Protein chains: 2
Amino acid sequence: MPGPGRPRGFDRDRALTAAMRLFWERGYEGAAISELTAAMGIGTRSLYTAFGSKEQLFREAVALYESSGDGTEFYELPTGRASVERMLRSRAATYADPNTPAGCMVVLAATNVSADNERVRAMLRAIRVQDRHALITRLERARTDGEIAADPVPVADFFLSVLYGMSVLARDGASVADLTRVVDTAMTSWDPLTRR
Amino acid sequence: MPGPGRPRGFDRDRALTAAMRLFWERGYEGAAISELTAAMGIGTRSLYTAFGSKEQLFREAVALYESSGDGTEFYELPTGRASVERMLRSRAATYADPNTPAGCMVVLAATNVSADNERVRAMLRAIRVQDRHALITRLERARTDGEIAADPVPVADFFLSVLYGMSVLARDGASVADLTRVVDTAMTSWDPLTRR
DNA sequence: AAGATTGTGCATCGAACGTTGCATAATTAA
DNA sequence: TTAATTATGCAACGTTCGATGCACAATCTT
């Protein structure tokens, strides 16, 4: 259903994917419009007609990033331990995947930003906070199930810390095998959590 | 020993400290020269006369940052466990100190940069790699001492991951108490490392 | 065929970026 | 006192940033 008007001369989804990759690699401010248009294979005017502004393009890119990766389906696994472990291993594999930029876009793309773009930074933080609460919720269930005895909040923060740190390690060149071993070590912390 | 010429009209160390704080908070590219001069209380020309360029100012700021925090003296503690634990607790306290910007400058100030400033990013990564090898060296000693049985490299990467992740948690608002609990949990991974 | 609507290329906008030239001020050395 | 040397304020540099005005192209609707 094209509607009236001249049809778009490029594939919007492919262009958005290219923008996502560049934002992922360079961060919000590190990716210039001129670089984005080059990567997307379109002109400046087409970018603004199709996406509105750099910030709106970034928001769409983040939404695509989130919908591309595995969501929160690991949290439906029967045990808290399996949920956390699956989450960490899945992320480790994508963070160090040589076919995509290293690390997590939500963690890295706006860690430090100029005063003008604080909104962008706050947006990514909101996603992290939301993900944190999803993890806390899963760990609370693990406690009511009698699987762990510890307070879920610090446990969640511990595994989040490992998760976030893996993004930096990946940026510094860590392989999937390297990150997998990090997860192995992190999971040895699980058993002590079962005891009060 | 002033030497010839008009004397500098400001305290160079205090100005550098102010620059360090702004770089720490906003990152290399996020801190504009105009903001730096405002924070340092000097004019543009004085900044360039005294420090040469933005990149040189940043390098001095990083050097100051490194010399300000505690160095690697925890690695001289008798056990590997005490070394690692002291390092993590010390960093946790500074990362969430309300009197300074949250997190670690070396981790956060150049995680994503534009193509022009890749050198700055590489410089901070070099520091991280160097710190990583200091930790690996300490853990190798722990193994030869018979304190741990595991391979030191993945163990180092695990604790580094926790460390790096704490910077992100601190940026998202974690308190010293929060990070301390993260360290508590991380240290429960130590005992399993002693067994093969 | 005519009108309405939307996309694209070109040129360019104002603002901010990091940086510098120049005249002048303030000091030491001769 | 004079010369040499360094610091500062002012104004501006060239470049890049994100964003836009406008003419024209290409489609749907009537």
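We name chains A, B, ... by the order of the sequence lines, and we start the count at 1 in each one. Computed from a predicted structure; not experimentally measured.
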Residue pair A:Arg59, A:Glu55: steps toward the salt bridge (Lys or Arg N to Asp or Glu O under 4.0 Å) verdict: CA-CA 6 Å; A:Arg59 297 185 112 94; A:Glu55 181 173 338; 2.4 Å; yes
Supply the atom-to-atom distance [X] [atom1] to [Y] [atom2], rounded to the nearest 0.5 angstrom.
X: A:Leu22; Y: A:Thr17; atom1: CG; atom2: OG1; answer: 13.0 Å
X: A:Met40; Y: A:Leu47; atom1: CE; atom2: CG; answer: 4.5 Å
X: B:Arg128; Y: B:Leu160; atom1: CZ; atom2: CG; answer: 10.5 Å
X: A:Ser90; Y: A:Phe74; atom1: OG; atom2: CZ; answer: 5.0 Å

Qualifying residues under side chain to side chain donor-acceptor pair (under 3.5 Å), relative to A:Arg181, sequence neighbours excluded: A:Asp178
B:Glu35: side chain to side chain donor-acceptor pair (under 3.5 Å) partners, not counting sequence neighbours: B:Arg26
Please tabulate, one pair per line, each protein N/O and nucleotide N/O from nucleotides 26-30 of chain D that are separated by under 3.5 Å, including the distance.
{"unit_1": "D:dA26", "atom_1": "N3", "unit_2": "A:Arg6", "atom_2": "N", "d": "3.4"}
{"unit_1": "D:dT27", "atom_1": "O2", "unit_2": "A:Gly5", "atom_2": "N", "d": "3.2"}
{"unit_1": "D:dC28", "atom_1": "O4'", "unit_2": "A:Gly3", "atom_2": "O", "d": "3.4"}

Aromatic plane relationship, A:Trp190 with A:Phe159 - under 30° parallel, 30 to 60° tilted, over 60° perpendicular: tilted
Under 3.5 Å donor-acceptor, A:Glu140 side chain and A:Arg138 backbone: no
Could you tell me whether [X] and [Y] have a side-chain N and a carboxylate O separated by less than 4.0 Å?
X: B:Glu85; Y: B:Arg89; answer: yes
X: B:Arg12; Y: B:Glu60; answer: yes
X: A:Asp172; Y: B:Arg132; answer: no

Residue pairs fulfilling ring-ring contact (aromatic ring centres under 6.0 Å, His included) with at least one residue in residues 51-70 of chain B, sequence neighbours excluded: B:Phe23-B:Phe58, B:Trp24-B:Tyr65, B:Tyr28-B:Phe58
Sorted by number, the residues of residues 18-28 of chain A with heavy-atom contact under 4.0 Å to DNA chain C: none
Nucleic acid contacts - residues 111-125 of chain A versus DNA chain C, non-hydrogen atoms under 4.0 Å: none
Figure out the [atom1]/[atom2] separation between [X] and [N], and round it to whole Å.
X: B:Glu29; N: D:dT16; atom1: CD; atom2: P; result: 14 Å
X: A:Phe58; N: D:dG18; atom1: CZ; atom2: C1'; result: 16 Å
X: B:Asp11; N: D:dA7; atom1: CG; atom2: P; result: 14 Å

Residues within residues 36-50 of chain A bordering DNA chain D, heavy-atom distance below 4.0 Å: A:Thr44, A:Arg45, A:Tyr48
Bounds of contact between DNA chain C and chain A, in 5' to 3' order, using a heavy-atom cut-off under 4.0 Å: C:dT5 to C:dC10
B:Thr111-A:Thr111 side chain donor-acceptor pair, cut-off 3.5 Å: yes
Flag for A:Ser114-A:Glu29: side-chain donor and acceptor within less than 3.5 Å: yes
Sugar-phosphate only, base, or nothing, as touched by B:Phe10 at under 4.0 Å among non-hydrogen atoms: sugar-phosphate
Applying salt bridge (charged side-chain N to carboxylate O under 4.0 Å, His left out), name anything that partners [X], two or more places apart in sequence or on another chain.
X: B:Asp191; result: B:Arg81
X: A:Arg21; result: none
X: B:Arg8; result: none

Pair assignment for DNA chain C - dot-bracket with | for other-strand partners, Watson-Crick or G-U under 3.5 Å: ||||||||||||||||||||||||||||||
